[in-house]
2 protein chains.
Amino acid sequence: MMAESTRRGVPEATVGRLPGYLRALTELAERGRPSVSSDELADLMGIRSAQVRKDLSSLGSYGVRGVGYDVARLSDQIAAELGLSQERPVVIVGMGNLGRALVAYGGLAPRGFQVVALVDNDPELVGTTIEGLAVGTFADLDPVRTPVAVGVVTTPASAAQQVADTLVGLGVRSILNFAPVVLRVPEGVHVRAVDLATELQILAFHEHQRLLADSRGDEAG
Amino acid sequence: MMAESTRRGVPEATVGRLPGYLRALTELAERGRPSVSSDELADLMGIRSAQVRKDLSSLGSYGVRGVGYDVARLSDQIAAELGLSQERPVVIVGMGNLGRALVAYGGLAPRGFQVVALVDNDPELVGTTIEGLAVGTFADLDPVRTPVAVGVVTTPASAAQQVADTLVGLGVRSILNFAPVVLRVPEGVHVRAVDLATELQILAFHEHQRLLADSRGDEAG
DNA sequence: CTCTGTGAATGTGTTCACAGCG
DNA sequence: CGCTGTGAACACATTCACAGAG
């Protein structure tokens, strides 16, 4: 039956899939599905069922043998693991096109993230309003009055490190970085990087390999 | 000295870092640095030097012992490996905020990607111009006249699968998906997914863990 | 008889540590 | 010497395959 013992240490690879499970489970719940098998979840996620079972068992979750997982229960369990019970205040720094797109993106609020501040250093932008939120400077951000859990960096690369330093100074320990630079942060601060050009280049690599393989096949065949 | 033999099979994890190396090397080249050591590259990338050496040796690249890697040579080598010698035509589907932000993003052209078409199904948008490019429908896309290497999906989740199917039908074999769904594509088509909410949830997980650790530390201490 | 949970096997990635080139 | 290149050790992740719960 397994006790409270196994409970610590969800593998990082599993953590990376938890949001995906949550998404799938939310959809299933909306369709009124009471339970789901590892096979079906695997199919929805594009992975194998053994992976699903390993992942979920690492949460200490209980499925029911012969039946599957209770959709609502598993949803709650994953949400709890991700710490989504509390609202997480987000500040977005850099109100260019991307920053504005993220503010307008509707997917945050329903997942427990609330954009509480917009920051830019362009005097033309400061004081304007985007999607009902005023754009300010860092000086307007009082860490006590406006606690921030996550900082999103959408500035040009040249400004990103300084912005990260400021965020860290404000007590932010999670940063999502869209600028194409490696941010240096103190131990204990988490950074995740998202970079369009990187992603495209990885895709380009695989295209290129296919081309090489094809042309070699032509010659051989 | 090693011949043309080792040349095949760059590990996927290494591929994921190649764009980063390229970025670092480009900066070094701009500063006029002729060569660089694995230690310094590692520092720029936020990884360990052994990793750098393993990665670069898997390309069959030659460093010079006692000196380091020739910046220009290594740059060329990585660019070649990524297949960046040829321009890759990109189509962006979904001209919402994110789609527009990507069109306006300046980081593509200098890295060998050219946005050749913008697609949306909103009649209000079709015919308008964004950053000098006309917005059309899929019907306007002739795969012969406008070959497309990479499709970028920035539509709502509900439309993404259908868009992916259409892209695949047009011969696209690389898709960058910003919609929060798992795309089903035939064997041989590569999909990379970027999802803001997923990234934030992963950050939230680590925040949550720290909190648990802290409170457990408090009780214990 | 179905589907979970999990040890064991395999595969992949990272790090160590050092031989050996320049 | 200083630095690369790489086997060997280790760590992590995935997959297999099956015992056993319901």
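Here the structure is a predicted model, which is why all the values come from computation and not from measurement. By convention in this document, chain letters (A, B, ...) are assigned in the order of the sequence lines, proteins followed by strands, and residues within each chain are numbered from 1. Computed over heavy atoms, backbone and side chain alike; hydrogens, waters and symmetry mates excluded.
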Notebook entry, point to check: Picking from D:dA19, C:dT15, D:dT14, which would you name as closest to the side chain of B:Q51?
Noted result: C:dT15
Notebook entry, point to check: At how many degrees, to 10°, do the end axes of the helix from C:dC1-D:dG22 to C:dG22-D:dC1 meet when each uses five pairs?
Noted result: 10°
Check: For A:D70 and C:dT4, what is the distance between atoms CG and P respectively, to the nearest whole Å?
Finding: 13 Å
Next item on the list: Could you tell me which non-hydrogen atom of B:G94 sits nearest to which non-hydrogen atom of B:T154, and how far apart they are?
Entry: O-OG1, 2.6 Å
Next item on the list: Inspect the contact between B:R88 and A:E207 and indicate whether a charged nitrogen and a carboxylate oxygen are less than 4.0 angstrom apart.
Entry: yes
Next item on the list: Give one of base, sugar-phosphate or nothing for B:G66, where a contact means two heavy atoms less than 4.0 Å apart.
Entry: base
Note to self: Could you tell me if the side chain of A:L118 sits less than 4.5 Å from the side chain of A:V103, heavy atoms only?
What the structure shows: yes
Item checked: Minimum side-chain heavy-atom gap A:V116-A:V90 below 4.5 Å -> no
Next item on the list: Looking only at side-chain atoms of A:R53, point me to the closest of D:dC3, C:dT6, D:dA21.
Entry: C:dT6
Checklist line | Close side-chain approach of B:H190 and A:Q209, heavy atoms under 4.5 Å | finding: no
Next item on the list: Heavy atoms only: give me the nearest A:G16-B:I202 pair and the separation to one decimal.
Entry: CA-CD1, 3.8 Å
Check: Looking at DNA chain D, which of residues 15-50 of chain A put a heavy atom within less than 4.0 Å of it?
Finding: A:R17, A:R48, A:A50
Please enumerate all protein N or O atoms sitting under 3.5 Å from an N or O of nucleotides 9-11 of chain C, with distances to 0.1 Å.
none

Checklist line | Residues A:R53 and A:D39 bridged, charged N to O under 4.0 Å | finding: no
Checklist line | Between D:dC12 (P) and A:D55 (CG): distance, integer Å | finding: 16 Å
Check: Could you state the CG-C1' distance from A:L59 to C:dG5, rounded to the nearest angstrom?
Finding: 13 Å
Notebook entry, point to check: Roughly how many Å is it from CZ in B:R65 to P in D:dC3, rounded to a whole number?
Noted result: 14 Å
Next item on the list: Would you mind reading off the distance between A:Y62 atom OH and D:dG20 atom P, rounded to a whole angstrom?
Entry: 20 Å
Margin query: Tell me whether A:R33 is salt-bridged to A:E27, with the criterion being a basic N under 4.0 Å from an acidic carboxylate O.
Written below: no
